[in-house]
Amino acid sequence: MNSRSTTRRVMLAALVAASTLMTAGVAAAEKLKVAAIYTLPVEQQWISRIHKALNTAAERGDIEYVFSENVANTDYERVMREYAEQGQKLIVGEVFGLERAARKVAKDYQDTAFLMGSSFGPVGPNFSVFDNWIHEPSYLSGMVAGKATESNVIGMVGGYAIPEVNRLMHAFMDGARDVNPEVKFIVNFIDSWYDPPKAKESAFAMMDAGADVMYAERFGVSDAAVERGVKAIGNVIDTSGDYPGTILSSALWHMEATIDKAVANVAAGTFEAADYGQYSFMGYGGGSLVMDESLIDAETVAAVKAREAEIMDGLFRVNVNDARPVSDN
């Protein structure tokens with residue numbers, strides 16, 4: 001082998017290596033920049049599901065993810081604008097009570113995609129909305145509760161009486177009534193997304209009034225259930241590991257389907273104003289039911305699984321009712 005041939009091969013290898021490094025660098029540079037803005041800590045159950053889905057996408061290498069938590073309502077618009085100015089391609093958050101400000105920002109930054117938890121609809125060209133449409137597993141968890149109660153009184157502690165909460169509570173009530181027409185409900189809203197002591201106090205009052213199963217829409221309710229030795233139903237996240245022997249079942253929200261769809265659309269340049277709510281349905285993997293079968297009789301488990309199969313097959317539709325739920329007389 002002559003020196004000229006060797007030199008050519010060395011140069012070729014160097015060019016291939018350089019090309020590989022450049023390709024890798026371009027791939028890294030093309031990671032989609034995504035920011036999230038949360039008004040509560042990322043540990044809060046609703047927020048935690050969005051945060052988890054975005055972290056999953058980041059761990060796969062699909063996105064470069066940054067976030068701000070505990071953002072005050074008065075600072076929300078400023079933080080949205082800062083992220084848009086930084087070149088974030090997708091901004092995710094929840095804008096309940098901040099609709100006008102958020103939509104104003106989106107209108108000012110039409111090259112940025114926005115995906116926001118909202119009670120209202122999308123607006124072109126770049127403001128999309130989502131919600132935790134887990135009314136289907138909520139109905140199923142209601143079936144569990146309706147069969148479990150011995151006093152025929154179920155207590156329900158909610159945060160705020162907004163459509164996103166109301167529809168889950170109504171679905172739960174419908175599921176319970178379908179298997180137990182005698183069941184009655186005590187309903188209260190604590191007007192806070194995070195006040196465990198207040199939720200706990202409300203739960204105790206319901207138990208004093210005869211409730212032997214609690215719907216724990218807020219943190220604090222399951223703690224009260226443990227102290228009084230009654231059962232509870234979880235919401236959005238699975239807390240059965242924290243309250244062994246207490247949580248009968250939980251309606252879970254999985255935000256991955258929603259996030260992955262939005263990220264793919266932004267990356268492909270096809271993102272547009274749309275309602276992503278459907279991706280929280282069970283059929284898309286956005287919602288599911290978990291049961292502690294050691295605490296539930298086999299007949300109830302079988303009935304719940306049969307109804308779940310009907311939902312997945314499109315043979316049963318859970319009613320959506322956004323009205324404020326009230327206690328039975």
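None of the values given here were measured: they were computed from a predicted structure.
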Item to check | Any side-chain donor near an acceptor of the partner, Thr258 and Arg49, under 3.5 Å | outcome: no
Checklist entry - Just how far is it from atom CG of Asn188 to atom CD of Glu217, taken to the nearest 0.5 Å? => result 11.5 Å
Checklist entry - Between Leu54 and Phe67, is any pair of side-chain heavy atoms under 4.5 Å apart? => result no
Item to check | Residues Ser48 and Glu43: side-chain donor-acceptor under 3.5 angstrom | outcome: no
Checklist entry - Do the side chain of Glu59 and the main chain of Thr56 share a donor and acceptor less than 3.5 angstrom apart? => result no
Next on the checklist: Check this for me: does any side-chain nitrogen of one of Lys52 and Glu256 sit under 4.0 Å from a carboxylate oxygen of the other?
Outcome noted: yes
Item to check | Check against side-chain contact (heavy atoms from CB on, under 4.5 Å), Asn321 and Asn166 | outcome: CA-CA 7 Å; Asn321 184 350; Asn166 298 346; over 6 Å; no
Item to check | same_hphob_cluster(Val318, Leu140) at 4.5 Å side-chain heavy-atom cutoff | outcome: yes
Checklist entry - Do Ile47 and Glu94 have side-chain heavy atoms sitting under 4.5 Å apart? => result yes
Checklist entry - Stepwise, does the side-chain contact (heavy atoms from CB on, under 4.5 Å) test hold for Tyr83 with Val66? => result CA-CA 9 Å; Tyr83 276 136; Val66 295; 3.7 Å; yes
Next on the checklist: Counting C-beta onward and ignoring hydrogens, is there a side-chain heavy-atom pair between Pro122 and Phe127 closer than 4.5 Å?
Outcome noted: no
Checklist entry - Do Met173 and Leu248 share a hydrophobic cluster (ILVMFWY, side-chain heavy atoms under 4.5 Å, transitive)? => result yes
Checklist entry - Which heavy-atom pair separates Ile247 from Gly234 by the least distance, and what is that distance? => result CG2-N, 4.0 Å
Checklist entry - Side-chain donor-acceptor pair under 3.5 Å between Asp223 and Tyr243, yes or no? => result yes
Next on the checklist: Is it the case that over 12 heavy atoms from other parts of the model lie below 6.0 angstrom from the CZ atom of Arg60?
Outcome noted: yes
Checklist entry - Is it true that a side-chain atom of Ser138 and a backbone atom of Ile134 form a donor plus acceptor pair closer than 3.5 Å? => result yes
Item to check | Donor on one side chain, acceptor on other, Tyr276 and Asn265, under 3.5 Å | outcome: yes
Next on the checklist: Let's go through Glu201 and Lys198 carefully: what are the C-alpha distance in whole Å and the side-chain angles of both, what is the deciding distance for salt bridge (Lys or Arg N to Asp or Glu O under 4.0 Å) to 0.1 Å, and is it a yes or a no?
Outcome noted: CA-CA 5 Å; Glu201 180 183 352; Lys198 191 173 183 180; over 6 Å; no
Checklist entry - Is Glu64 reaching over with its side chain to a backbone N or O of Lys33, donor-acceptor style, under 3.5 angstrom? => result no
Item to check | Asn235 vs Ser250 side-chain heavy atoms within contact, under 4.5 Å | outcome: no
Item to check | Any side-chain heavy-atom pair of Lys89 and Val34 under 4.5 Å | outcome: no
Next on the checklist: I need the single residue from Trp46, Trp193, Phe120, Tyr38 that forms a ring pair (Phe, Tyr, Trp, His ring centres under 6.0 Å) with Phe96. Which is it?
Outcome noted: Trp46
Next on the checklist: Please report the interatomic distance CD(Glu182) to OG(Ser151), rounded to the nearest 0.5 Å.
Outcome noted: 12.5 Å
Item to check | Tyr215 and Leu168, any side-chain heavy atoms less than 4.5 Å apart | outcome: yes
Checklist entry - Should Arg228 and Asp212 count as an ion pair when the cut-off is N to O under 4.0 Å? => result no
Item to check | Any residue meeting salt bridge (Lys or Arg N to Asp or Glu O under 4.0 Å) with Arg81, in chain and number order, not counting sequence neighbours | outcome: Glu77, Asp108
Next on the checklist: Count I, L, V, M, F, W, Y as connected when their side-chain heavy atoms are under 4.5 Å apart, and connections chain through other members. Are Tyr139 and Val236 then in the same cluster?
Outcome noted: yes
Next on the checklist: Can a donor-acceptor pair be found, under 3.5 Å and without considering hydrogens, that links the side chain of Ser128 to the backbone of Asp275?
Outcome noted: no
Item to check | Side-chain ion pair, Lys305 and Glu308, N-O less than 4.0 Å | outcome: no
Side-chain atoms of residues 285-292: list all donor-acceptor pairs with protein atoms under 3.5 Å, sequence neighbours left out, distances to 0.1 Å.
| unit_1 | atom_1 | unit_2 | atom_2 | d |
| --- | --- | --- | --- | --- |
| Ser288 | OG | His254 | NE2 | 2.7 |
| Asp292 | OD1 | Ser294 | N | 3.1 |
| Asp292 | OD1 | Ser294 | OG | 2.5 |

Next on the checklist: Between Glu227 and Phe204 (side chain of the first, backbone of the second, donor and acceptor by atom type, cut-off under 3.5 Å), is there such a pair?
Outcome noted: no
Checklist entry - Are side-chain heavy atoms of Phe130 and Ile50 found at a separation under 4.5 Å? => result yes
Next on the checklist: For the CD atom of Gln278 and the CG atom of Asp131, what is their distance to the nearest 0.5 Å?
Outcome noted: 13.0 Å
Next on the checklist: Using side-chain contact (heavy atoms from CB on, under 4.5 Å), reason through Met214 and Met206 one step at a time and then give a plain yes or no.
Outcome noted: CA-CA 9 Å; Met214 296 299 305; Met206 293 177 182; 3.7 Å; yes
Checklist entry - Within the distance-only criterion (no hydrogens, no angle test), does the side chain of Glu293 pair as donor or acceptor with the backbone N or O of Ala298 below 3.5 angstrom? => result no
Checklist entry - Is the closest basic N to carboxylate O distance between Lys147 and Asp178 below 4.0 Å? => result no
Next on the checklist: Could you go through Asn55 and His51, starting from their C-alpha distance and side-chain angles, then the distance that decides it, and tell me whether this counts as side chain to side chain donor-acceptor pair (under 3.5 Å)?
Outcome noted: CA-CA 6 Å; Asn55 273 322; His51 186 57; 3.1 Å; yes
Checklist entry - More than 12 foreign heavy atoms under 6.0 Å from CG of Asp208: is that the case here? => result yes
Checklist entry - Out of curiosity, does Val144 fall in the hydrophobic cluster containing Ile237 (side-chain heavy atoms, cut-off under 4.5 Å, transitive links)? => result yes
Checklist entry - How long is the span from the NZ atom in Lys261 to the CG atom in Leu115, to the nearest 0.5 Å? => result 12.5 Å
Next on the checklist: Could you check whether Thr112 and Gln88, counting side-chain N and O atoms only, form a donor-acceptor pair closer than 3.5 Å?
Outcome noted: no
Checklist entry - Is it the case that Asp242 and Thr239 place a side-chain donor and acceptor less than 3.5 Å from each other? => result no
Next on the checklist: Does the Lys NZ or Arg CZ of Arg307 fall within the cation-pi geometry relative to Phe316 - under 6.0 Å from the ring centre and within 45° of the axis?
Outcome noted: yes
Checklist entry - In Å and rounded to the nearest 0.5 Å, what is the CD1 to CZ distance from Ile91 to Phe114? => result 4.0 Å
Checklist outcome for this item: Output for pair (Asn132 CG, Arg167 CZ), nearest 0.5 Å, gives 7.5 Å
Next on the checklist: Assigning hydrophobic clusters by single linkage (Ile, Leu, Val, Met, Phe, Trp, Tyr; side-chain heavy-atom cutoff under 4.5 Å), is Phe185 placed with Val221?
Outcome noted: no
Item to check | Pairwise side-chain contact, Asn180 with Asn152, heavy-atom cut-off 4.5 Å (strictly under) | outcome: yes
Item to check | Phe172/His135 aromatic ring centres below 6.0 Å | outcome: no
Next on the checklist: One thing to verify: whether Asp195 and Lys200 come together as a salt bridge, which I'm taking to mean a side-chain N less than 4.0 angstrom from a carboxylate O.
Outcome noted: no
Next on the checklist: Let's go through Met169 and Arg324 carefully: what are the C-alpha distance in whole Å and the side-chain angles of both, what is the deciding distance for side-chain contact (heavy atoms from CB on, under 4.5 Å) to 0.1 Å, and is it a yes or a no?
Outcome noted: CA-CA 9 Å; Met169 295 176 81; Arg324 182 186 183 118; over 6 Å; no
